Amino acid sequence: MLVDRDEELARFDHLCGAVASGGGATVVVEGVAGIGKTALLMSVLARTAGRLEPLTARGGELEHELAFSIVRQLFEAPLSRRPVAELRVLFAEAAGLAAPVFGGLGTITGSPSPAPYGPSESNMGSVVHGLYWLCANLATRKPLRLIVDDVHWAD
């Protein structure tokens with residue numbers, strides 16, 4: 001249970017309602033260590049269960065050094081639960097450019113895929129473009145809620 005967070009939760013409820021209705025929003029939660037940012041985010045996660053597709057990740061020292069670590073945390077579990085036919089649709093066209101981030105998905109999607117987690121610096125822009133379209137494709141099924149705790153540790 002959160003104490004003295006009614007105003008923040010009301011703001012999140014309003015924004016999540018707008019997202020569930022087809023809108024978009026970005027929220028940055030900042031504050032000193034120990035103030036309850038993670039608890040607030042976990043409360044939002046619980047309050048939006050069922051209405052929004054949950055994509056979550058948490059930054060840490062290891063993620064700072066690993067390219068696309070946060071992206072893999074956000075997408076690998078939800079993608080692994082989907083049937084191959086749906087993955088082919090999700091990674092269709094430009095979204096297929098993101099397949100190298102997820103290693104073995106290249107064979108499923110029909111996209112060429114280098115070694116696992118192998119996007120090179122020369123195609124980084126294409127991979128990011130593909131991730132945009134992967135999000136867009138996922139959002140056509142259910143509105144997305146991406147929560148990244150401790151994002152300052154991301155690559």
Side-chain angles (χ1 to χ4, degrees), residues 9 11-30 37-155:
L9 289 171
R11 286 183 189 169
F12 270 112
D13 287 343
H14 173 75
L15 290 172
C16 289
V19 169
S21 298
T26 301
V27 177
V28 176
V29 178
E30 61 182 354
K37 298 178 298 291
T38 298
L40 180 63
L41 293 175
M42 293 304 103
S43 180
V44 170
L45 189 66
R47 293 165 75 98
T48 59
R51 293 189 299 159
L52 305 174
E53 176 75 32
L55 303 175
T56 61
R58 185 172 199 165
E61 288 186 56
L62 294 177
E63 282 73 26
H64 186 67
E65 299 298 324
L66 298 171
F68 294 105
S69 178
I70 296 293
V71 169
R72 289 194 303 271
Q73 281 186 54
L74 287 168
F75 292 99
E76 280 182 338
L79 291 174
S80 69
R81 293 188 292 266
R82 304 203 186 248
V84 172
E86 187 176 355
L87 289 174
R88 286 192 178 119
V89 172
L90 289 172
F91 280 92
E93 300 182 23
L97 296 168
V101 172
F102 305 102
L105 285 177
T107 56
I108 292 171
T109 63
S111 303
S113 181
Y117 315 126
S120 66
E121 286 189 35
S122 65
N123 71 347
M124 203 65 69
S126 296
V127 170
V128 171
H129 181 71
L131 288 168
Y132 168 84
W133 283 106
L134 175 61
C135 281
N137 290 345
L138 278 166
T140 63
R141 286 153 172 72
K142 189 174 191 179
L144 301 179
R145 178 205 50 222
L146 286 83
I147 293 180
V148 180
D149 194 12
D150 291 331
V151 71
H152 61 282
W153 286 109
D155 67 328

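The structure presented is a predicted model; accordingly, all values stated were derived computationally and were not measured.
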query: Can you list every salt bridge (charged side-chain N to carboxylate O under 4.0 Å, His left out) pair that touches residues 141-153, not counting sequence neighbours?
result: Arg58-Asp149, Arg58-Asp150, Glu86-Arg141
- request: Would you list the pairs meeting salt bridge (charged side-chain N to carboxylate O under 4.0 Å, His left out) in which at least one residue belongs to residues 37-46, sequence neighbours left out?
  value: none
Just so I know, are the side chains of [X] and [Y] near enough to count as touching, which here means a heavy-atom distance under 4.5 Å?
{"X": "Val27", "Y": "Leu15", "value": "yes"}
{"X": "Phe75", "Y": "Ile70", "value": "no"}
{"X": "Phe102", "Y": "Phe91", "value": "yes"}
{"X": "Val89", "Y": "Arg82", "value": "no"}
{"X": "Leu79", "Y": "Leu87", "value": "yes"}
{"X": "Pro143", "Y": "Glu53", "value": "no"}

- request: Write out all pairs satisfying side-chain hydrogen bond (donor to acceptor under 3.5 Å, both in side chains) with one or both partners inside residues 11-23, taking only residues at least two apart or from two chains.
  value: Glu7-Arg11, Asp13-Arg47
- request: Run the numbers on Met124 and Phe68 for side-chain contact (heavy atoms from CB on, under 4.5 Å), then give the verdict.
  value: CA-CA 10 Å; Met124 203 65 69; Phe68 294 105; 3.2 Å; yes
Donor-acceptor list for residues 127-136 side chains, cut-off 3.5 Å, not counting sequence neighbours:
residue, atom, partner, partner atom, Å
His129, NE2, Trp133, NE1, 3.4

- prompt: Can you name the closest pair of heavy atoms from Val44 and Cys16 and give their distance?
  reply: CG1-SG, 4.3 Å
- request: With sequence neighbours excluded, tell me which residues meet side chain to side chain contact (heavy atoms under 4.5 Å, CB included) with Ala139.
  value: Leu144
What's the spacing between [X] [atom1] and [Y] [atom2] if we round to 0.5 Å?
{"X": "Leu40", "Y": "Leu9", "atom1": "CG", "atom2": "CG", "answer": "5.5 Å"}
{"X": "Thr38", "Y": "Ile147", "atom1": "OG1", "atom2": "CD1", "answer": "10.5 Å"}
{"X": "Thr56", "Y": "Leu146", "atom1": "OG1", "atom2": "CG", "answer": "9.0 Å"}

